[in-house]
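Ligands are counted one by one from 1 in listed order, and the atoms in each one are counted from 1 as well.
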Amino acid sequence: MNLTPIVAGNWKMHKTPSEGASFIELTKNLLLDIEHVSVIFAPPFTGLFDLNVKPPFYSAAQNCHWEQTGAFTGEISVSMIRDCGAEFVIIGHSERRHVFGESDEWINRKVKAVLAGNMKPILCIGELLNQREAGQTELVLKSQLEQGLAGVEALENIVIAYEPVWAIGTGVTANANQVESAHSSVRNILKELYPESDTIHVLYGGSVKSGNAEELIQIPGVNGFLIGGASLDVESFASITRTVETVQLRTL
Ligand code: PEP
């Protein structure tokens, strides 16, 4: 199936609301003719409100709480995010898992809350370096997918992002064989859980930049990117998006 690729920029804790809004305007101006890529901006919560985006541009939150309201100081619910105009929520990013200690159980609650709120989770999965070195990559991906998606009936509104933790923010990109093999594992695991899984996006994330985007997007099973560092720079982010559009156009 030829899915419209996704290029998503995870800004992490960067950019004030006004910096973010002008970044988005500049990026859109550089990408006025983009038609075959969905472009997602994921600013911090403070930068989400009332962003001037419409397809093929979308916005995403980087996290959420699973409850709708309540005594959860410092947390943000799905309905609050949706009311800002966002369509996606990144769930289970490796920094949430490994810096803030989020468990698969929490991640699962968040995935279900996002779906229940008629939004789309971008569920991040990926192995640590020691897990890869111990030959456990597939096991980790299976466990994160099974636990993260427990109780989820259909995959149609879900995006998966495969992000090997050792490649995030390190400048080290997984090589083509590693990416292809991990994406094929993800597809096989999903297929066992959901027969319709061919229709969902599996993104790659981990030190994607303009210099490696063309090679990475052509790897079988890669339906786009989740990008950290390179998404903070207008020229890099636009150039990666343009590369993805060019490669996609060749397949149409
Ligand atoms: C990320 O934060 O999801 C990510 C992939 O970061 P980077 O592109 O900087 O490796």
Cluster question for you: counting only ILVMFWY and a side-chain heavy-atom cut-off of under 4.5 Å, with indirect links fine, are Ile6 and Leu226 together?
->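 Yes, Ile6 and Leu226 fall within the same hydrophobic cluster.
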
Gly206: heavy atom below 4.0 Å from ligand 1, yes or no?
->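 So Gly206 counts as touching ligand 1.
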
Hey, does Met119 have a side-chain heavy atom less than 4.5 Å from the side chain of Ile81?
->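 Ile81 vs Met119: side chains touch.
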
Flag side-chain contact, heavy atom, 4.5 Å: Phe41 against Thr27 = yes

With atoms numbered from 1 as shown, which atoms in ligand 1 lie under 4.0 angstrom from a non-hydrogen atom of [X]?
X	answer
Ile168	1 (C), 2 (O), 4 (C), 6 (O), 10 (O)
Ser207	7 (P), 8 (O), 10 (O)
Ala167	10 (O)
Gly169	7 (P), 9 (O), 10 (O)
Lys12	1 (C), 2 (O), 6 (O)
Gly229	7 (P), 8 (O), 9 (O)

So, is His93 polar-close to ligand 1, with some N/O to N/O distance under 3.5 Å?
->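 N/O-N/O distance below 3.5 Å exists for this pair.
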
N or O contact, Leu226 vs ligand 1, cut-off under 3.5 Å |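 Between Leu226 and ligand 1, no N or O pair is found under 3.5 Å apart.
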
Exceeds 12 heavy-atom contacts within 6.0 angstrom, atom NZ of Lys15 | yes

Should we count CZ of Phe49 as having more than 12 external heavy atoms under 6.0 Å?
-> no

Does a side chain donor of either Glu156 or Tyr194 reach within less than 3.5 Å of an acceptor in the other side chain?
-> no

Is Lys142 paired with Glu138 through a side-chain N to carboxylate O contact shorter than 4.0 Å?
->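 Here Glu138 does not pair with Lys142 in a salt bridge, since their nearest N and O are not under 4.0 Å apart.
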
